[in-house]
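Remarks on the structure that follows.
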Amino acid sequence: MPELPEVEVTKKALESALKKTSITGVNIRNKKLRWPVEEKKIRNIIHSDIKKIYRRGKYILISCENGALILHLGMSGSIGIFDKNSKYHKHDHVEFILKNKKVVRLNDPRRFGCAVWTNERPEEHKLIKSLGIEPLDEKALGEYLFTMSRSRKAAVKNFIMNSNIVVGVGNIYASESLFRSGINPIRSSSRISKQRYRKLGEEIKRVLSEAIEMGGTTLRDFTYYNEVRQIGYFKQKLFVYGRSGEECKKCSGLIKDRIIAGRNSFFWPKCQT
DNA sequence: AAACGACCCTGAAAGC
DNA sequence: TGCTTTCAGGGTCGTT
């Protein structure tokens, strides 16, 4: 569920929750996530000075004086902030107890997410170090994509979803940005002009920024903040994702879907060549 | 080096 | 209604 915008929104919530307070306890209720949650290591965060909370790709990094916590929401993860005594939800696996009597809970039904402690600089950690560029920080995203794509013949949709190339573009925003730039998702990434990549780069940035503004897309997932269910509204802005059989918003043709490299993909060939 | 499929897991939705 | 099947927003790993 969570792609870059959803993770960014989550990161901001976490940042405000941890501001002017500190973590006084850690509670691992289920350590079976993507990698075993190592409680002993994670307890390093207790009473530690939190220097910075930031996002790298779809990872949330909480960097402390003595190391860093690396969080990922996988396909179904969310983070909620609650009062200390509030009831657990099913699948609340990792809990941080705050000095201000609040708690931060990582909930993840499918358990594809992770909570990993590292003593290294987080940028050096193996989950982080080979990640590609941040699309929103890159001025010349299109030029970069063009250069990186020359030797690759996989479908352009897979190419932009490759987190070693560019981070944060998941299945929804890949389909959306390709529609917006008029590029057929099946087209080989090495056979697209620089000019078209410039357009694609701009549309990737635009769609991600707009989604962040609107609080993310949210299909089935949701997150909680102070007991209030937070929903993103970007779904209303989707041109193609999840709309197969419905009308194209540009030309009134019917949106198609097709599996590309194992992932469902949505597009309308007449508007995407 | 790059591309592909299998796999990790639960639950919502669709199918019967 | 209720049981079964299919599918889901991600990423890693092993194999071609």
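Proteins come first, then strands; the chains are lettered A, B, ... in the order of their sequence lines, and each starts at number 1. All figures in this text were calculated on a predicted structure; none of them were measured in a lab.
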### Query
How would you label the contact of A:Gly170 with the nucleic acid (heavy atoms, under 4.0 Å): base, sugar-phosphate, or nothing?
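Sugar-phosphate, no base atom in range.
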
### Task
Assign A:Lys32 to base, sugar-phosphate, or nothing according to its heavy-atom contacts below 4.0 angstrom with the strands shown.
nothing

Without decimals, in angstroms, what is the distance between [X] [atom1] and [N] [atom2]?
{"X": "A:Lys157", "N": "B:dA2", "atom1": "NZ", "atom2": "P", "result": "20 Å"}
{"X": "A:Phe159", "N": "B:dA2", "atom1": "CZ", "atom2": "C1'", "result": "12 Å"}
{"X": "A:Leu127", "N": "C:dG11", "atom1": "CG", "atom2": "P", "result": "11 Å"}
{"X": "A:Ile128", "N": "C:dG10", "atom1": "CD1", "atom2": "C1'", "result": "14 Å"}
{"X": "A:Met161", "N": "C:dG11", "atom1": "CE", "atom2": "P", "result": "8 Å"}
{"X": "A:Arg263", "N": "B:dG5", "atom1": "CZ", "atom2": "C1'", "result": "13 Å"}
{"X": "A:Met75", "N": "B:dC7", "atom1": "CE", "atom2": "P", "result": "16 Å"}
{"X": "A:Met148", "N": "B:dA3", "atom1": "CE", "atom2": "P", "result": "11 Å"}

Can you find a side-chain donor-acceptor pair between [X] and [Y] that sits under 3.5 Å?
{"X": "A:Lys52", "Y": "A:Ser63", "value": "no"}
{"X": "A:Asn171", "Y": "A:Lys157", "value": "yes"}
{"X": "A:Asn184", "Y": "A:Thr273", "value": "no"}
{"X": "A:Ser78", "Y": "A:Asn107", "value": "no"}
{"X": "A:Asn27", "Y": "A:Tyr88", "value": "yes"}
{"X": "A:Glu15", "Y": "A:Tyr54", "value": "no"}
{"X": "A:Tyr173", "Y": "A:Thr217", "value": "yes"}

### Query
Can you check salt bridge (Lys or Arg N to Asp or Glu O under 4.0 Å) on A:Lys101 and A:Asp83, steps first, answer last?
CA-CA 6 Å; A:Lys101 306 265 197 289; A:Asp83 289 325; over 6 Å; no

### Query
Which of residues 107-117 of chain A sit near DNA chain B, with a heavy atom under 4.0 Å from it?
A:Pro109, A:Arg110, A:Arg111, A:Phe112

### Query
Mind checking the P distance from C:dC7 to B:dG5? Whole angstroms is fine.
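My reading of the P atoms in C:dC7 and B:dG5 gives 15 Å.
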
Below 4.0 Å: OP1/OP2 of [N] and any side-chain N or O of [X]:
{"X": "A:His91", "N": "B:dG11", "value": "yes"}
{"X": "A:Lys90", "N": "B:dT10", "value": "no"}
{"X": "A:Asn158", "N": "B:dA3", "value": "no"}
{"X": "A:Lys58", "N": "C:dG11", "value": "yes"}
{"X": "A:His72", "N": "C:dG11", "value": "yes"}
{"X": "A:Arg152", "N": "B:dA3", "value": "yes"}

### Query
Checking side-chain contact (heavy atoms from CB on, under 4.5 Å) for the pair A:Lys12/A:Ile212: CA distance, chi angles, key distance, verdict?
CA-CA 11 Å; A:Lys12 284 175 178 161; A:Ile212 291 170; 3.7 Å; yes

### Query
Going through the distances and angles, do A:Glu123 and A:Lys129 end up as a salt bridge (Lys or Arg N to Asp or Glu O under 4.0 Å)?
CA-CA 5 Å; A:Glu123 295 81 6; A:Lys129 72 177 176 193; over 6 Å; no

#### Entry: Minimum-distance nucleotide to A:Ala261 side chain [options: B:dC4, B:dA3, C:dT12]
B:dC4

### Query
What pattern of brackets, bars and dots sums up DNA chain C from 5' to 3', given Watson-Crick or G-U wobble pairs under 3.5 Å, [ ] for crossing pairs and | for another strand?
.|||||||.|||||||

### Query
For DNA chain B, whose closest nucleotide is more 5', that of A:Ser151 or that of A:Gly262?
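Result: A:Ser151.
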
